[in-house]
Amino acid sequence: MMKIRKSEDRGHANHGWLDTYHTFSFADYYDPQHMGFRSLRVINDDKVAPGMGFGMHPHRDMEIITYVLKGALQHKDSMGNGSVIRPGDFQYMAAGTGVTHSEFNPSENEGVHLLQIWIVPEKKGLEPRYAEKLANTFTPGKFHLVASKSGRGDSLRINQDADLLLARLTPGTTVTHQLEPQRHAWVHVAEGEITLNGQNLKAGDAAEVSDEKAITVSGKSEAQVLLFDLS
């Protein structure tokens with residue numbers, strides 16, 4: 001069974017400095033039919049203007065993953081971490097018992113385009129933690145494991161039974177992910193156009209998948225696809 005979530009049906013807010021689309025309910029956007037999927041709670045598709053960003057603000061009890069598509073994003077947090085992440089970089093923060101952080105576009109003339117992802121942790125009160133993973137060297141045409149509960153395959157170790165995979169595709173390239181029994185998937189098109197099990201999807205579109213043995217993705221253009229394999 002596959003249910004499509006079209007890009008244009010997402011929540012949308014344009015604050016001037018921030019143009020954002022919400023796959024699931026977030027901030028002032030509330031849709032009781034789209035509160036998340038399994039442990040996946042947030043996918044925000046954010047474009048931040050030059051020299052602007054999110055000032056220091058708190059989080060707790062949430063797994064937060066950021067993926068930069070274009071531009072650069074400067075991170076600072078209360079754990080003492082500070083770095084600039086660029087296209088192809090994943091940033092992970094376990095908010096746990098509580099952290100404050102800021103995310104800022106350091107460029108004076110280039111916007112930044114990023115995906116902000118929240119996953120509900122398996123339990124509350126965990127120790128805050130920070131890590132990064134560079135994905136810009138991933139070989140196109142296959143799914144690569146970015147994050148997992150066990151940290152296997154040099155992936156980011158997160159506090160939930162969830163795998164995050166990334167595939168970069170060229171036109172005509174096909175990749176397949178086997179979905180184990182009792183597992184579910186959320187597939188998000190970050191860039192480009194694809195077919196997913198025969199359905200055409202474009203950037204910003206997504207699909208929830210349950211009771212399927214395999215997920216087959218083919219590139220119709222240069223594309224990037226995130227796949228969440230969830231319990």
Side-chain angles (χ1 to χ4, degrees), residues 1-12 20-26 29 31-47 65 67-70 87-88 90 113-119 135-136 138-148 152-153 155 160-231:
M1 181 182 70
M2 187 166 68
K3 184 177 179 181
I4 304 299
R5 174 78 158 138
K6 299 298 288 183
S7 171
E8 57 268 27
D9 294 334
R10 297 177 294 175
H12 179 235
T20 179
Y21 285 86
H22 308 307
T23 297
F24 304 114
S25 294
F26 187 87
Y29 169 62
D31 182 347
Q33 301 302 311
H34 295 97
M35 296 299 296
F37 180 67
R38 315 300 293 182
S39 59
L40 180 59
R41 177 61 187 85
V42 166
I43 301 179
N44 289 344
D45 192 338
D46 294 342
K47 292 182 178 178
I65 299 172
Y67 183 50
V68 175
L69 296 168
K70 293 179 181 176
F90 283 90
H113 185 192
L114 61 107
L115 297 177
Q116 181 186 167
I117 299 157
W118 293 7
I119 296 173
N136 52 13
F138 283 176
T139 305
K142 62 181 294 187
F143 276 116
H144 296 266
L145 184 64
V146 174
S148 66
R152 68 188 187 280
S155 61
Q160 181 55 268
D161 183 10
D163 289 348
L164 168 58
L165 303 102
L166 170 71
R168 291 196 178 95
L169 301 173
T170 54
T173 303
T174 297
V175 294
T176 299
H177 176 72
Q178 301 297 323
L179 202 58
E180 297 297 325
Q182 308 305 313
R183 301 290 294 187
H184 309 264
W186 186 272
V187 180
H188 180 90
V189 184
E191 292 182 322
E193 297 183 22
I194 66 164
T195 60
L196 171 63
N197 288 6
Q199 294 262 8
N200 292 327
L201 299 179
K202 64 183 183 303
D205 290 348
E208 63 175 76
V209 183
S210 297
D211 300 320
E212 297 280 353
K213 292 183 178 180
I215 296 169
T216 299
V217 179
S218 297
K220 296 184 68 179
S221 69
E222 298 279 340
Q224 293 196 71
V225 177
L226 298 180
L227 188 154
F228 300 84
D229 187 319
L230 307 163
S231 60

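Throughout, numbering of the chain's residues begins at 1 and tracks the sequence. Remember, it's a predicted structure, so these values are computed and weren't measured experimentally.
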Q: Checking R5 side chain against D205 main chain: does a donor-acceptor pair fall under 3.5 Å?
A: no
Q: Do you know which two heavy atoms are closest between M2 and L196, and how far apart they sit?
A: CE-O, 3.5 Å
Q: State, yes or no, whether a side-chain contact exists between V146 and S155 at a heavy-atom distance under 4.5 Å.
A: no
Q: Distance-only, no hydrogens or angles: does the E222 side chain make a donor-acceptor pair with backbone N or O of T170 under 3.5 Å?
A: no
Q: Any salt bridge between R10 and D31, counting N to O under 4.0 Å?
A: no
Q: Are there over 12 heavy-atom neighbours, none belonging to K202, within less than 6.0 Å of that residue's NZ?
A: yes
Q: Report the distance from atom CD1 of I215 to atom CG of L179, rounding to the nearest 0.5 Å.
A: 5.0 Å
Q: Atom CG of L145 and atom CG of L164: how far apart are they, to the nearest 0.5 Å?
A: 8.0 Å
Q: Could you grab the distance from atom CG of N44 to atom OG1 of T23, nearest 0.5 Å is fine?
A: 7.5 Å
Q: Is a side-chain donor or acceptor of H144 paired with a backbone partner of T139 at a separation under 3.5 angstrom?
A: yes
Q: If you compare all heavy atoms of F26 against all heavy atoms of V42, which two are closest, and at what distance to 0.1 Å?
A: CD1-CG2, 3.7 Å
Q: Please find out if less than 6.0 Å separates the ring center of W118 from that of F24.
A: no
Q: Please report the closest heavy-atom contact between A162 and S39, naming both atoms and the distance.
A: CB-OG, 4.3 Å
Q: Verify side-chain contact (heavy atoms from CB on, under 4.5 Å) between R152 and D163, making sure each step is shown before the conclusion.
A: CA-CA 10 Å; R152 68 188 187 280; D163 289 348; 2.5 Å; yes
Q: For R168 and Q224, which heavy atoms make the closest approach, and how far apart are they?
A: NE-OE1, 3.4 Å
Q: So, does T174 use its side chain to make a donor-acceptor pair with the main chain of S218 at under 3.5 Å?
A: no
Q: Do the charged groups of D161 and R38 touch, with an N to O distance under 4.0 Å?
A: no
Q: Using 30° and 60° as the class limits, which term best fits the ring planes of F90 and Y67: parallel, tilted or perpendicular?
A: parallel
Q: Taking K220 as the fixed residue, which of L201, I194, N200 is the one that meets the side chain to side chain contact (heavy atoms under 4.5 Å, CB included) rule?
A: N200
Q: To check you understand the geometry: which heavy-atom pair defines the closest contact between L166 and A135, and what is its length?
A: CD2-CB, 4.0 Å
Q: Does the side-chain contact (heavy atoms from CB on, under 4.5 Å) test come out yes or no for M35 and R41, once each step is laid out?
A: CA-CA 7 Å; M35 296 299 296; R41 177 61 187 85; 4.1 Å; yes
Q: When rounded to the nearest 0.5 angstrom, what is the spacing between CG in L227 and NE2 in H188?
A: 12.0 Å
Q: What is the distance from atom OG of S210 to atom CE of M1, rounded to the nearest 0.5 Å?
A: 5.0 Å
Q: Please walk me through it: do F228 and I43 pass side-chain contact (heavy atoms from CB on, under 4.5 Å)?
A: CA-CA 11 Å; F228 300 84; I43 301 179; 3.9 Å; yes
Q: Quick one: does any side-chain atom of N197 pair with a main-chain N or O of T216 as donor and acceptor, under 3.5 Å?
A: yes
Q: Heavy-atom count check: over 12 atoms from other residues, nucleotides or ligands less than 6.0 Å from Q182 CD?
A: no
Q: Just checking, is any N or O donor in the side chain of T20 or D46 under 3.5 Å from an acceptor N or O on the other one?
A: yes
Q: Just how far is it from atom CG of L115 to atom CG of L69, taken to the nearest 0.5 Å?
A: 4.5 Å
Q: Inspect the surroundings of NZ in K70 and state if more than 12 heavy atoms from other residues, nucleotides or ligands are less than 6.0 Å away.
A: no
Q: Please identify which of these residues, V175, T173, T176, meets the side chain to side chain contact (heavy atoms under 4.5 Å, CB included) condition with V217.
A: V175
